[in-house]
Amino acid sequence: MCTERYIHPFTDFGFKKIFGSLENKHLLIRILNDLLECNDPIEDLTYIDPKELGVPSIYYMSIYYMCCQTNSGARIIVNIQNMYPDLFKNRSFYYSNFSILESVNKSEWSYNPPPIYTIIFMNHYMQQFCDDPEPKHTARICDVSNGRVLYDKLTYVYIEMPKVVKPLEELGNPVERWFWAIKNMNDLDEYPESLKDEIFRELFRVSEIYAFTKEERMAYEESLKNMRDWNNILNTAVKKSHEEGREEERRILAKQMIAAGLSISKVAEITGLSTETIENL
């Protein structure tokens, strides 16, 4: 039984409850306006079923996937990632391409799609940004020689939540406060008054688990269990990968020792490998 006061936003149910429901649409509009800093602020939006875009169900069943359209026609795809999948960048491009294909006027063969934004909240690090301490990264198609944007209708925003480490009193803008609230709310027992803005008080209000119906609580519990199961699978895989990596390092070291003329028994003593393994090397 869940004992926390506030929902875990990185569960499918939690993220959808906060940002993917009609009654909380104002929260999604506010965070998107703060994140994207568009010249044309979003005043309203409508939610789009991923099935309408032709996205295979496998891509939005294992991880939360949401698509919406603004009042000005722009498409926004929002996704949360709890684990680092293979070919992750390819998948984010895949999302946006489906939206492009669906929005093009095929009867007139018009190639003038609306602006498409893909926003991905990642509960892990991204290798491409390992040297950058900032959690938010915005990418577009650019000329690599001068950084000039070649096509401004495709925007990718990657958010590395593990890099959200600033203490609350040092947060300098609304985006940092959004990230802090999303990352930390599940660990809090009460609303942090220093967040100041009324929109964050509303965020915490709709996230209070005690106000859920029995059906919502059961759905949340199931979503929380699924998230924890996936994380356990990932942690086991990472641990196994590290162990296999150390095993390979020991094999390489053993080969070097054998080449240097050390006896099999001595190599086994140093590396911890069995004599049979060393003989097979």
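Along the sequence shown, residues are numbered consecutively beginning with 1. Nothing here was measured: the structure is a model prediction, and the numbers come from that model.
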For [X], enumerate each residue passing the side chain to side chain donor-acceptor pair (under 3.5 Å) test, keeping only those at least two apart in sequence or located in another chain.
{"X": "Asp197", "result": "Arg30"}
{"X": "Asp143", "result": "Ser145"}
{"X": "Thr155", "result": "Arg140"}

* Could you walk me through whether Asn123 and Phe121 pass side-chain contact (heavy atoms from CB on, under 4.5 Å), step by step? => CA-CA 7 Å; Asn123 211 9; Phe121 290 84; over 6 Å; no

Side chain proximity check, [X] to [Y], heavy atoms < 4.5 angstrom:
{"X": "Met185", "Y": "Ile18", "result": "yes"}
{"X": "Tyr158", "Y": "Gln128", "result": "no"}
{"X": "Thr70", "Y": "Tyr117", "result": "no"}
{"X": "Leu36", "Y": "Ile76", "result": "yes"}
{"X": "Leu32", "Y": "Ile119", "result": "yes"}
{"X": "Glu169", "Y": "Ser194", "result": "no"}
{"X": "Thr11", "Y": "Tyr220", "result": "yes"}

Under a single-linkage definition using a 4.5 Å side-chain heavy-atom cutoff for Ile, Leu, Val, Met, Phe, Trp and Tyr, are [X] and [Y] assigned to the same hydrophobic cluster?
{"X": "Met218", "Y": "Phe15", "result": "no"}
{"X": "Leu35", "Y": "Tyr47", "result": "yes"}
{"X": "Leu22", "Y": "Leu27", "result": "yes"}
{"X": "Tyr156", "Y": "Ile141", "result": "yes"}

* Assess whether atom CD of Glu190 is packed by more than 12 heavy atoms of other residues, nucleotides or ligands within 6.0 Å. =>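 No - once you tally the heavy atoms of other residues, nucleotides and ligands closer than 6.0 Å, there are 12 at most.
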
* **Within 6.0 angstrom of Asn146 CG, more than 12 heavy atoms from elsewhere** =>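 Check passes, neighbour count above 12.
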
Which atom pairs, donor and acceptor, lie under 3.5 Å between side-chain atoms of residues 199-208 and protein residues at least two apart or in another chain?
unit_1: Arg201; atom_1: NH2; unit_2: Glu193; atom_2: OE1; d: 2.7
unit_1: Glu202; atom_1: OE1; unit_2: Arg205; atom_2: NE; d: 3.1
unit_1: Glu202; atom_1: OE2; unit_2: His26; atom_2: NE2; d: 3.4
unit_1: Glu202; atom_1: OE2; unit_2: Arg205; atom_2: NH2; d: 2.8
unit_1: Ser207; atom_1: OG; unit_2: Leu203; atom_2: O; d: 2.7
unit_1: Glu208; atom_1: OE2; unit_2: Arg5; atom_2: NE; d: 2.8
unit_1: Glu208; atom_1: OE2; unit_2: Arg5; atom_2: NH2; d: 2.6

To the nearest 0.5 Å, what is the distance between [atom1] on [X] and [atom2] on [Y]?
{"X": "Leu154", "Y": "Leu150", "atom1": "CG", "atom2": "CG", "answer": "12.0 Å"}
{"X": "Ile80", "Y": "Phe19", "atom1": "CD1", "atom2": "CZ", "answer": "10.5 Å"}
{"X": "Met122", "Y": "Phe10", "atom1": "CE", "atom2": "CZ", "answer": "9.0 Å"}
{"X": "Arg177", "Y": "Leu195", "atom1": "CZ", "atom2": "CG", "answer": "7.5 Å"}
{"X": "Thr118", "Y": "Ile77", "atom1": "OG1", "atom2": "CD1", "answer": "4.0 Å"}

If the condition is ring-ring contact (aromatic ring centres under 6.0 Å, His included), which residues does [X] pass it with, not counting sequence neighbours?
{"X": "Phe13", "result": "Phe212"}
{"X": "Phe179", "result": "none"}
{"X": "His137", "result": "Phe129"}

What are the two closest heavy atoms between [X] and [Y], and how far apart are they?
{"X": "Asp44", "Y": "Lys25", "answer": "OD1-NZ, 2.9 Å"}
{"X": "Asn186", "Y": "His8", "answer": "OD1-CD2, 3.4 Å"}
{"X": "Ser274", "Y": "Thr277", "answer": "OG-OG1, 2.8 Å"}
{"X": "Gln81", "Y": "Asn79", "answer": "NE2-OD1, 3.3 Å"}
{"X": "Ile264", "Y": "Ile278", "answer": "O-CD1, 3.8 Å"}
{"X": "Trp180", "Y": "Pro192", "answer": "CZ3-CG, 3.8 Å"}

Please confirm whether the backbone N or O of [Y] pairs with a side-chain atom of [X], one donor and one acceptor, at under 3.5 Å?
{"X": "Asp12", "Y": "Ser223", "answer": "no"}
{"X": "Arg217", "Y": "Ile209", "answer": "yes"}
{"X": "Asn280", "Y": "Glu276", "answer": "yes"}
{"X": "Lys163", "Y": "Tyr125", "answer": "no"}
{"X": "Asn24", "Y": "Lys17", "answer": "yes"}

Could you list the residues that satisfy side chain to side chain contact (heavy atoms under 4.5 Å, CB included) with [X], not counting sequence neighbours?
{"X": "Asp152", "value": "Val149"}
{"X": "Thr46", "value": "Gln69"}
{"X": "Glu43", "value": "Asn71"}
{"X": "Asn173", "value": "Val175, Glu176"}

* **Sequence-distant partners of Lys136, salt bridge (charged side-chain N to carboxylate O under 4.0 Å, His left out), two or more places apart** =>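 None.
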
* Between Asp34 and Trp178, is a side-chain contact (heavy atoms from CB on, under 4.5 Å) present by the stated rule, with each step listed? -> CA-CA 9 Å; Asp34 287 341; Trp178 278 113; 2.9 Å; yes

* Verdict with supporting geometry, Asn184 and Leu168, side-chain contact (heavy atoms from CB on, under 4.5 Å) -> CA-CA 10 Å; Asn184 293 288; Leu168 182 55; over 6 Å; no

